[in-house]
Structure formats: structure tokens, C-alpha cells
Amino acid sequence: MHKFEESVYQLVVETSTNLPGDVRQAIKAAQEAEDSATRAGLSLSTIANNIEMAECNVSPICQDTGMPTFIVHTPVDANQLVMKQHIRNAIARATKDGKLRTNSVDSLTGGNTGDNLGPGTPVIHFEQWEKNDVDVRLILKGGGCENKNIQYSLPAELEGVGKAGRDLDGIRKCIMHAVYQAQGQGCSAGFIGVGIGGDRTTGYELAKQQLFRRVDDTNPIPELQQLEEYVMENANKLGIGTMGFGGAVTLLGCKVGVMNRLPASFFVSVAYNCWAYRRQGVLLNAATGEIKEWLYPEGQQVPMKATAEETAAQAAAGAERREVRLKTPFTEEQVRSLHVGDIVIIDGEMHTGRDALHKHLIDHESPVDLNGAVIYHCGPVMLKDEQGWHVKAAGPTTSIREEPYQGDIIKKFGIRAVIGKGGMGAKTLAALSEHGAVYLNAIGGAAQYYAECFKRVNGVDFMEFGIPEAMWHLQTEGFAAIVTMDAHGNSLHADVERDSLAKLGQFKEPVFK
Ligand SMILES: O=C(O)C[C@H](O)C(=O)O
Ligand code: SF4
């Protein structure tokens with residue numbers, strides 16, 4: 001097994017940096033179904049471009065490299081203790097090399113272990129099997145889409161679709177509702193794994209296991225195959241679209257599994273995975289640990305390059321869109337002149353800030369002047385060498401988590417723009433109008449695409465919060481994002497949520513009797 005650790009390292013790098021062929025195929029199909037000149041179409045092009053960049057740079061597709069979760073099948077005589085240690089070594093090495101973000105956080109102190117090792121991380125499930133090879137599968141599922149997982153206990157009364165009973169039709173309603181409640185916050189268009197039955201723990205486990213299926217497989221259970229097909233056909237009628245911008249494609253895959261339950265419980269558990277659906281696997285020679293085979297179609301089999309037609313259509317659409325180029329710090333007048341739908345291209349310095357920083361700023365001063373500043377909800381992957389820090393991956397994080405703080409912080413420090421993804425709520429919207437500020441939506445997961453806009457790291461504060469939570473001061477050039485909440489009380493997110501709830505209502509009538 002002398003090659004085992006190296007093989008696992010290769011699996012980790014491949015999973016984080018090269019989206020598998022079946023996932024790419026689903027994203028390509030979405031690109032074909034979506035009008036390439038719309039906001040959703042443009043976002044899909046950025047996503048496609050980002051997938052190529054990650055493969056080419058051998059760098060993380062998304063900066064949130066998730067909770068590394070392994071499922072390992074071993075021959076009966078394999079030493080699982082040794083394998084576990086090798087897996088942990090491979091994870092620490094991939095983290096040091098900037099292929100994984102430092103993602104293991106002490107839940108009590110907030111301290112980051114810095115190497116992705118800690119109680120509960122990584123997750124490793126071992127199973128024995130009768131075969132002679134070792135099968136190692138890995139999923140890197142990020143926190144933003146993990147937050148959109150949902151578990152239903154039937155019977156239930158669900159917003160939009162009404163009563164959901166303990167039958168296939170009730171399950172159908174749960175799944176439709178699960179897609180609706182995710183909106184764009186889990187970086188739609190997404191994939192869902194559904195677990196029917198079990199208890200609260202095994203139900204979620206079953207849901208997650210579904211994400212190890214191939215996107216293009218067929219469910220062997222006829223009722224579930226029908227259900228999967230129904231969901232794929234109808235979830236896209238919700239109109240949530242890529243990033244929640246509205247559009248024809250909201251869901252890229254739906255896989256449903258079933259297990260027995262207790263008489264008193266009926267759980268439907270849904271695991272939501274963003275478009276950056278990073279999972280791969282390898283079959284290893286049990287004696288040497290060498291890779292014999294990759295278990296999912298490899299990324300390079302499905303190139304994501306834009307066609308000449310797409311590029312032309314987008315250039316034509318670009319001529320009609322309002323693009324505004326602004327240098328930080330912004331003035332009140334500049335941001336009040338922006339409206340939902342405008343594209344803002346930012347030059348100058350911006351500052352990252354996410355959960356720990358927002359909590360801190362509520363009752364502390366800022367280490368830098370934030371008057372007119374742009375705050376980027378982002379926890380980047382950073383690497384340091386002799387020249388200093390470098391941004392390796394830097395897409396937006398889900399903004400709604402900062403809703404309790406954001407409005408007050410905007411007003412306290414005079415911030416003029418907040419960049420993130422998924423939108424924010426009523427309190428922030430009111431603060432944008434009152435103070436004169438905008439919310440800009442960047443494309444979630446496009447971490448390579450945005451990393452290129454950061455030309456220099458000017459400094460960093462709060463390193464004690466850990467790399468993702470620190471406040472990075474980044475010299476920026478040409479960072480493009482869309483105004484989705486403006487200083488005039490308009491919110492694209494509120495509009496899409498309202499419209500999709502109305503559309504969810506069309507799925508109230510029974511389908512599976
Ligand atoms: O933690 C992050 O960087 C992003 C997170 O996965 C999110 O989707 O909000
Ligand atoms: S930022 Fe988006 S793409 Fe990245 S892990 Fe979070 S949900 Fe997925």
C-alpha cells in the first residue's frame with residue numbers, strides 16, 4: 001500500500017480542481033436550455049469559464065472546498081487504521097498546497113486548525129466488501145449548499161404546495177418545496193440527493209449517498225425513476241434560475257433513494273449540492289495502492305469552452321446592458337445612480353469580510369477606514385511564499401448569514417457596496433435606501449474567475465479568525481458583479497422569491513395517486 005497516500009492525494013486534487021464529465025455535461029445542457037444573453041445565461045458562461053480555469057490552473061473550482069467526505073470500500077483483510085492515517089496525511093498535504101481551503105473550525109473557540117484535520121473532519125466511512133480492490137470515493141460539498149439541506153417530517157403542511165402526506169405524492173411535494181426554499185443561495189442550478197425513510201441521521205446519510213450516483217444513471221426502482229423524472233421536468237418551472245437570477249434551469253439532477261423507517265417517523269431528507277458538484281472516485285490496487293481506474297467520467301472528456309455563437313450572442317447582449325466602471329471608495333451619488341440589473345466593474349481596493357468580521361464590527365472599530373468602502377463576503381483560499389500572500393480562489397459566500405448585522409454595519413462605517421451571493425433581506429434593503437448603498441451579486445463558485453481580479457494583497461487583519469474569516473485588503477482590477485438590490489428599495493431576490501412561490505402553487509394537486 002505504499003502508493004495509497006499519493007493516490008488519495010491525487011483524488012483530492014482532482015476532485016477539488018476538475019469537475020467530472022457527467023456534471024459538466026449537465027451544466028452544458030443547462031447552457032443550451034438557457035438564453036445565453038440573459039443574466040442566467042451569462043452566469044452559466046462564467047461558470048463554464050471558471051471550470052476550465054480551475055482545470056488549467058489545477059486550483060480549486062470554488063474557494064469553499066467543503067467537508068471532505070470519503071466512502072472507502074476495502075477487502076476484508078485491509079488495515080483501515082493505516083488507511084485512515086494516509087487519508088489524513090493526504091488531506092493535510094492538499095491543504096498546504098492550496099488545493100483545499102483551511103475549513104476545519106473549532107465550534108467553541110472559532111479557531112481554525114489550519115490543516116483540515118480535527119474532531120469530525122475529514123469524514124471517513126469504511127465498508128468491507130468481497131472484492132480484492134479498494135474503492136475510494138470523495139465528495140467536497142461546500143457549506144453554503146449544505147445550509148440549504150432540508151429534512152421534512154411527514155405529514156406536513158408546506159408553503160406553496162399544502163398538505164404533504166405519507167405517500168409518494170407527499171414526497172414529491174417535499175422535493176419541489178426543497179428546490180424552492182434553496183432559491184439561489186446554494187449556488188443554483190443545483191443537484192439534489194433525496195433520502196426517503198430512515199431516522200433523522202440515516203435519512204440525511206442516504207440523501208448524501210445519492211450524490212455519489214452518476215448524473216446520467218437510471219434509478220432501478222420504477223416509482224423512484226418516475227419521481228426523479230417528474231422533478232427534473234417540473235422543478236425547472238419554478239423559474240429560480242442560475243444564482244437565483246430567474247431563468248429556465250434551476251435543477252441539474254435529482255436522485256432519490258429509499259430505506260425503511262419506524263412506524264412513527266416518515267422523514268424525507270434532501271441534500272442540496274451546488275453546481276460545483278465535486279465528487280470523484282478511484283479504484284486502487286489493494287496491494288500497492290496504485291490507481292487502476294477513475295470511477296466517474298473525467299473532466300477533460302467534456303470541454304466547457306464557449307462556442308463562437310454564444311460569444312457573439314453575449315457580446316450583442318452586452319451592448320444593451322448598462323455597465324458602470326467605478327473606483328473605490330464609492331460616493332453616495334455614484335451608488336444612488338445604480339439600479340437593479342446594472343453591471344458594476346470595480347477597480348481599487350476592496351475588503352473581504354464574512355461571519356466573524358461582521359460579528360466583531362458590531363461592537364468594535366474597524367482596523368481600516370470603511371467610508372465609501374466595498375465589502376466582499378468572501379473567504380478565500382490564500383497561499384504565502386517569499387513574495388507574500390497570493391489569492392488562489394475567491395468566489396462569494398452566501399450573504400444572508402450577515403443579515404442580522406449588515407444594515408447596522410453599513411450605517412456605522414459608511415460602507416457603500418456589499419458584494420456576495422444569494423441576496424439579503426428586508427433589514428439590509430432598508431439600510432441600502434437609508435444610507436445610500438448597493439448589494440452586488442457575484443457568481444457563486446466562480447473562484448478562479450474572481451481570483452484573477454485580485455492583483456495584489458495590500459494587507460490582512462484578524463488572522464486570528466483563520467484564513468477564510470480574516471479581513472483581506474485586496475487590490476482589485478475589473479471585478480464585475482450585478483446590482484441585485486439597489487438604494488431605491490428594489491430587490492431582484494425578493495421578486496424571484498415571490499414569483500417562484502406563486503409558481504410552486506401549481507404543484508399542489510396530486511400527481512402520484
Ligand atoms: O464558505 C464559502 O466560501 C462559501 C459557502 O460555500 C457558501 O456557499 O456560502
Ligand atoms: S460558494 Fe457556491 S459553489 Fe461554492 S461551495 Fe458554496 S454553494 Fe457551492
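Order of appearance sets the numbers: ligands from 1, and atoms from 1 within every ligand. Just so we're clear, the structure is a prediction, and the values are computed from it rather than from any experiment.
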Nearest candidate to atom 5 (S) of ligand 2, where distance is taken over non-hydrogen atoms, out of Met243, Lys148, Arg278, Gln185: Arg278
Charged N-O contact under 4.0 Å between Lys208 and Glu146: yes
Under-4.0 Å salt bridge between Asp115 and Arg88: no
2.8 Å cut-off (strict), protein N, O or S atoms about atom 8 (Fe) of ligand 2: 1
Positive for side-chain hydrogen bond (donor to acceptor under 3.5 Å, both in side chains) with Asn18, one of Glu298, Arg278, Gln300, Gln280: Gln300
Matching residue for Asn219 among Lys255, Gln210, Glu228 - test: side-chain hydrogen bond (donor to acceptor under 3.5 Å, both in side chains): Glu228
Validate the cation-pi geometry between [X] and [Y]: distance from NZ or CZ to the six-membered ring centre under 6.0 Å, angle to the ring axis within 45°.
{"X": "Arg200", "Y": "Tyr204", "answer": "no"}
{"X": "Arg93", "Y": "Tyr9", "answer": "yes"}
{"X": "Arg172", "Y": "Phe507", "answer": "no"}

Thr398 versus Lys421, side-chain donor and acceptor atoms under 3.5 Å: yes
[atom1] ([X]) with more than 12 external heavy atoms under 6.0 Å:
{"X": "Lys427", "atom1": "NZ", "answer": "yes"}
{"X": "Lys455", "atom1": "NZ", "answer": "yes"}
{"X": "Lys359", "atom1": "NZ", "answer": "no"}

Proximity flag Gly143 to ligand 2, non-hydrogen atoms under 4.0 Å: no
Atom indices of ligand 2 within 4.0 angstrom of Lys421 heavy atoms, with elements: 1 (S), 2 (Fe), 7 (S)
Distances for all N or O pairs of ligand 1 and the protein under 3.5 Å?
{"unit_1": "ligand 1", "atom_1": "1 (O)", "unit_2": "Asp64", "atom_2": "OD2", "d": "3.4"}
{"unit_1": "ligand 1", "atom_1": "1 (O)", "unit_2": "Arg101", "atom_2": "NH2", "d": "2.9"}
{"unit_1": "ligand 1", "atom_1": "1 (O)", "unit_2": "Arg354", "atom_2": "NH1", "d": "3.0"}
{"unit_1": "ligand 1", "atom_1": "1 (O)", "unit_2": "Arg354", "atom_2": "NH2", "d": "3.3"}
{"unit_1": "ligand 1", "atom_1": "3 (O)", "unit_2": "Gln63", "atom_2": "NE2", "d": "2.8"}
{"unit_1": "ligand 1", "atom_1": "3 (O)", "unit_2": "Arg101", "atom_2": "NH1", "d": "2.8"}
{"unit_1": "ligand 1", "atom_1": "3 (O)", "unit_2": "Arg354", "atom_2": "NH1", "d": "3.3"}
{"unit_1": "ligand 1", "atom_1": "6 (O)", "unit_2": "Asp64", "atom_2": "OD2", "d": "2.6"}
{"unit_1": "ligand 1", "atom_1": "6 (O)", "unit_2": "Gly144", "atom_2": "N", "d": "3.0"}
{"unit_1": "ligand 1", "atom_1": "8 (O)", "unit_2": "Gly144", "atom_2": "N", "d": "3.4"}
{"unit_1": "ligand 1", "atom_1": "8 (O)", "unit_2": "Thr398", "atom_2": "OG1", "d": "3.3"}
{"unit_1": "ligand 1", "atom_1": "8 (O)", "unit_2": "Lys421", "atom_2": "NZ", "d": "2.7"}
{"unit_1": "ligand 1", "atom_1": "9 (O)", "unit_2": "Thr397", "atom_2": "OG1", "d": "2.8"}
{"unit_1": "ligand 1", "atom_1": "9 (O)", "unit_2": "Thr398", "atom_2": "N", "d": "2.8"}
{"unit_1": "ligand 1", "atom_1": "9 (O)", "unit_2": "Thr398", "atom_2": "OG1", "d": "2.4"}
{"unit_1": "ligand 1", "atom_1": "9 (O)", "unit_2": "Arg401", "atom_2": "NH1", "d": "3.4"}

For ligand 2, the portion of Pro396 having any non-hydrogen atom under 4.0 Å away: backbone
